[in-house]
Number of protein chains: 2
Amino acid sequence: MSSVTIRDVAKKAGVGVGTVSRVLNDRNAVSEATRQKVLAAIDALEYTPNLAARRLSRGKMMAIGVIVPYFTNPSVVRRLQGVVSVVTGSGYDLVLFDIEKVEQRADFVRNIPRRQLVDGLLIVSLNPTDEDVEELLQANLPTVLVDANHPELSRVRVDNVFGGYQATRHLLDLGHRRIGYISDFLNDPFNSPVRDRLQGYQQALTEAGIAFCSDYHQQGVHSRQQARLMALDMLQLPDPPTAVFAYSDTQAVGVLEAARELGRRVPQDLSIIGFDNIEAAEYLHLTTVQQGLYDSGAKGCQLLLTEMLDPPASATEILLPTRIVMRQTTAVYDNTTRQV
Amino acid sequence: MSSVTIRDVAKKAGVGVGTVSRVLNDRNAVSEATRQKVLAAIDALEYTPNLAARRLSRGKMMAIGVIVPYFTNPSVVRRLQGVVSVVTGSGYDLVLFDIEKVEQRADFVRNIPRRQLVDGLLIVSLNPTDEDVEELLQANLPTVLVDANHPELSRVRVDNVFGGYQATRHLLDLGHRRIGYISDFLNDPFNSPVRDRLQGYQQALTEAGIAFCSDYHQQGVHSRQQARLMALDMLQLPDPPTAVFAYSDTQAVGVLEAARELGRRVPQDLSIIGFDNIEAAEYLHLTTVQQGLYDSGAKGCQLLLTEMLDPPASATEILLPTRIVMRQTTAVYDNTTRQV
DNA sequence: TGCCCAATTGGAACCGGTTCCAATTAAGCA
DNA sequence: TGCTTAATTGGAACCGGTTCCAATTGGGCA
């Protein structure tokens with residue numbers, strides 16, 4: 001509750017407030033003797049600058065905002081961890097906004113710049129609309145997208161078309177011909193990776209001379225449970241897929257559960273590949289497409305800090321690589337040992 | 001970059017700044033006609049109050065801080081989710097501090113109250129020292145602990161002694177007599193649950209007339225990998241335990257891996273029980289002691305908001321229940337079917 | 001009609017920093 | 001020694017709100 005102000009310090013040290021401020025901010029136009037006097041006074045009074053006042057007069061909030069959707073999603077949490085690692089020690093504070101409902105999104109994106117709450121903004125796994133971007137640019141608020149895309153904003157992401165291609169190609173290379181894709185809803189305007197990966201999936205199929213079969217694609221809300229239900233359906237088709245590509249590891253786990261329920265052995269009877277390489281993937285021995293979740297957050301945050309210092313002329317794009325992590329849920333398609 | 005201020009609005013509306021402020025803050029001492037004029041001016045100028053200025057003059061930051069250690073820990077993340085759910089929509093912003101190194105802790109706890117950055121503080125899974133508490137109380141900063149303990153601070157937690165007792169008792173009830181405990185380091189001053197659960201474990205053993213055997217307790221840094229190594233050791237003792245109680249689900253997964261590596265069937269040859277009931281526990285079919293992770297965050301945050309409004313005379317404690325969630329990693333001890 | 005009180009309203013002072021400008025001091029040089 | 005210039009320093013003005021106090025207005029009542 002110490003409301004000792006800079007004026008108290010100035011009085012105690014027998015100097016002017018400007019001098020104290022200069023000492024606090026390391027402006028070097030202060031003689032060593034004076035500096036020592038001021039530091040002594042600060043120490044004696046246990047003075048700490050009031051942040052709100054500093055922010056007001058500097059016009060900077062010394063905070064960066066992070067907008068995160070569906071905080072329950074492990075891949076989002078992992079990206080956030082990357083962000084946190086960079087923010088901690090940058091001198092900025094991290095203000096977290098969670099979006100659980102679609103309506104909240106517009107509110108946040110609109111209000112954050114207006115409220116002048118933060119000096120920079122990180123938007124994770126959420127595609128902004130053109131109007132959002134307009135608003136952001138007009139407010140002159142440095143913004144970086146992580147795992148999201150818009151031509152006018154700087155961004156860190158992966159090539160999801162290629163990722164989907166890689167996953168599908170991996171299964172094709174193992175000899176699979178009937179390959180399912182279990183995904184989030186395709187028509188979610190804020191989630192473009194789901195469409196990109198489908199595109200990669202279709203590209204790989206086409207390349208292999210296989211026609212896309214709509215029975216082999218199911219979409220639903222993003223959850224293990226829902227993925228399980230969709231997989232249960234798909235695996236009970238008259239001519240079920242021998243391999244499934246799941247949009248996320250979370251969903252792949254649902255597929256794994258469905259397979260177990262139906263008595264299909266993985267990988268002998270069914271190959272499963274996920275996407276993300278979340279921590280659970282490792283101990284479930286799930287083959288997956290790895291993307292640098294943590295890195296995307298860290299890199300995005302670094303990029304933001306850089307751009308806050310000197311605003312770039314145009315948006316930069318950092319593309320992180322994806323790669324297959326082979327574990328034990330995919331195997332060569334071999335009709336002779338199959339039980340189904 | 002609209003720097004339209006309250007004075008612009010006042011001029012435009014032809015009223016005084018005080019009146020505009022009153023309209024903004026819903027003080028009802030404003031006539032309807034004036035209110036309309038002001039609102040029209042606000043609309044026309046697209047005015048939004050400057051947060052920093054408001055914070056400075058009100059002396060409130062409208063933000064709550066959350067200190068979180070080891071953000072990588074799934075149980076911590078889950079608690080944080082609970083916190084986020086309550087903060088969102090409370091009108092407060094959430095400022096997140098991550099502590100990865102022990103040295104950081106003191107810095108944070110010391111500096112946060114001083115910097116007057118937040119109006120309330122939530123400390124998750126980190127026991128404050130007496131000095132920390134002294135500092136906090138002196139700064140008059142409302143603080144609530146989540147999954148941590150100190151008699152002078154309000155807190156939301158579980159009875160870890162009882163939780164440890166429950167877990168061990170469950171194994172004893174299944175007929176096990178050689179029961180291991182795999183845990184974090186006991187001497188970590190900031191982690192008391194690890195000692196509490198050990199106490200419960202020992203209590204249950206004593207009650208069953210079983211002497212505590214130090215070979216059956218291993219401690220190490222909190223990670224799946226380390227738990228795996230410790231389990232590997234313990235399971236290769238001449239007279240290995242038939243059941244293991246792991247301090248956390250994360251560590252239980254490590255034990256699960258060790259068992260698999262050694263060819264021990266779970267639960268036929270080895271029973272494993274974890275603690276927390278994190279999401280992964282469900283799809284790994286891990287028997288565990290459930291504690292309301294999400295709830296603890298939500299309740300803690302609610303408590304904090306309440307106490308920020310009217311400071312309580314003394315600290316409150318909310319004890320959340322724990323209960324066994326039986327899944328498929330524990331079974332009756334039956335020597336006849338054992339392979340080891 | 002005149003007086004009193006309550007409801008509104010205007011605006012100065014304040015919150016606690018930063019910054020800029022003018023003033024003072026000291027150093028450098030002829 | 002006198003003058004120029006650079007280095008320090010003090011402190012008023014400012015950032016953009018809120019709040020309090022004094023002033024104005026209008027209604028109710030005798």
Side-chain angles (χ1 to χ4, degrees), chain A residues 1-42 45-63 91 93 113-117 119 139, chain B residues 1-42 45-63 91 93 113-117 119 139:
Chain A
M1 212 66 317
S2 67
S3 46
V4 23
T5 76
I6 199 170
R7 283 167 238 269
D8 299 326
V9 176
K11 194 173 297 170
K12 173 104 180 179
V15 300
V17 290
T19 305
V20 178
S21 178
R22 267 167 238 131
V23 171
L24 285 172
N25 297 286
D26 273 334
R27 303 265 183 285
N28 37 13
V30 177
S31 72
E32 193 50 33
T34 318
R35 158 187 307 278
Q36 288 311 328
K37 268 196 305 186
V38 172
L39 288 178
I42 288 178
L45 297 172
E46 293 198 326
Y47 165 77
T48 336
N50 175 304
L51 247 200
R54 177 172 273 185
R55 286 170 164 179
L56 173 60
S57 54
R58 280 223 268 249
K60 285 190 57 176
M61 294 303 272
M62 290 311 288
D93 290 315
R114 286 221 178 166
R115 291 173 58 204
Q116 300 170 251
L117 214 170
D119 307 312
Chain B
M1 217 62 315
S2 67
S3 48
V4 22
T5 77
I6 200 170
R7 283 168 239 267
D8 299 325
V9 174
K11 194 174 298 170
K12 173 102 180 179
V15 301
V17 290
T19 305
V20 177
S21 178
R22 267 168 239 131
V23 170
L24 284 171
N25 296 288
D26 273 335
R27 304 266 184 284
N28 36 14
V30 177
S31 71
E32 192 50 33
T34 320
R35 161 187 303 279
Q36 288 311 327
K37 268 195 304 187
V38 172
L39 289 178
I42 288 178
L45 297 171
E46 294 198 324
Y47 165 77
T48 335
N50 175 303
L51 249 197
R54 177 173 274 182
R55 287 170 163 176
L56 173 59
S57 54
R58 280 221 269 249
K60 285 190 59 177
M61 295 303 273
M62 289 311 288
D93 290 314
R114 286 220 179 162
R115 290 170 61 204
Q116 302 170 251
L117 212 171
D119 308 311

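The model shown is predicted, which means the values in this text are computed figures rather than measured ones. Lettering of chains follows the sequences in order, A, B, ..., and the numbering in each one begins at 1.
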Starting from C1' on dC15(D), measure out to CE on Met61(A) and report it in whole angstrom.
-> 12 Å
Does any non-hydrogen side-chain atom of Asn25(B) lie less than 4.5 Å from one of Arg58(B)?
-> yes
Mind checking what makes side chain to side chain contact (heavy atoms under 4.5 Å, CB included) contact with Arg22(A), not counting sequence neighbours?
-> Thr19(A), Arg27(A), Val30(A)
Output the distance between atom CZ (Arg55(B)) and atom CG (Leu51(A)), rounded to the nearest 0.5 Å.
-> 9.5 Å
May I ask you to evaluate whether Ser31(B) reaches the phosphate of dT9(C), defined as a side-chain N or O under 4.0 Å from OP1 or OP2?
-> yes
Value in whole Å for how far the C1' atom of dG16(C) lies from CD1 of Ile42(A) = 14 Å
Could I get the full list of side chain to side chain contact (heavy atoms under 4.5 Å, CB included) partners for Val17(B), not counting sequence neighbours?
-> Ile6(B), Arg7(B), Ala10(B)
Let me know the distance between CE of Met62(B) and P of dG16(D), rounded to the nearest Å.
-> 21 Å
Think Ser57(B) has a side-chain N or O under 4.0 angstrom from the OP1 or OP2 of dC15(C)?
-> no
Student check: side-chain heavy atoms of Val20(A) and Val15(A) closer than 4.5 Å | yes
For atom CZ of Arg58(B) and atom C1' of dG17(C), their distance in whole Å | 19 Å
Under 4.0 Å between a side-chain N/O of Asn50(A) and OP1 or OP2 of dC15(C), yes or no?
-> no
Table of protein N/O atoms under 3.5 Å from nucleotides 11-13 of chain C N/O atoms:
residue: dG11(C); atom: N7; partner: Gly18(B); partner atom: N; Å: 3.4
residue: dG11(C); atom: O6; partner: Arg22(B); partner atom: NH2; Å: 3.0

Between Met61(B) and Ala52(A) the two heavy atoms that sit nearest each other are SD-CB, 3.8 Å
In whole angstroms, the gap separating P of dT9(D) from CG of Asn25(A) amounts to 16 Å
For the side chain of Val30(B), starting at C-beta, report the closest nucleotide among dT18(D), dG17(D), dT9(C).
-> dT9(C)
Taking the side chain as every heavy atom from C-beta outward, state whether Ile42(B) and Leu24(B) have any pair of such atoms under 4.5 Å apart.
-> yes
Give the nucleotide from the list dT18(C), dC15(C), dT8(C) with an atom nearest to the side chain of Leu56(B).
-> dC15(C)
Partners meeting side chain to side chain contact (heavy atoms under 4.5 Å, CB included) with Ser57(A) (sequence neighbours left out) = none
Rounded off to whole Å, could you give me the CZ-to-C1' distance for the Arg35(A) and dT9(D) pair?
-> 14 Å
Base, sugar-phosphate, or nothing: which does Ser21(B) touch, judged by heavy atoms less than 4.0 Å apart?
-> base
Distance, rounded to the nearest Å, where Lys37(A) contributes NZ and dG10(D) contributes C1' | 12 Å
Write out a two-atom table: protein N or O, nucleotide N or O from nucleotides 25-28 of chain D, distance below 3.5 Å.
none

Under 3.5 Å donor-acceptor, Asp93(A) side chain and Ala63(A) backbone = no
For the student: nearest non-hydrogen atoms of Met62(B) and Gly91(B), plus distance = CE-O, 3.6 Å
Rounded to the nearest 0.5 angstrom, the CG-CZ distance for Leu56(A) and Arg54(A) is 13.0 Å
State, to the nearest 10°, the angle formed by the axis through the first five base pairs of the helix from dT1(C)-dA30(D) to dA30(C)-dT1(D) and the axis through its last five.
-> 40°
Just how far, in rounded Å, is P of dT18(D) from CG of Leu24(B)?
-> 6 Å
Heavy-atom pair with the smallest gap, counting every atom of Asn50(B) and Gln116(A) = ND2-NE2, 3.7 Å
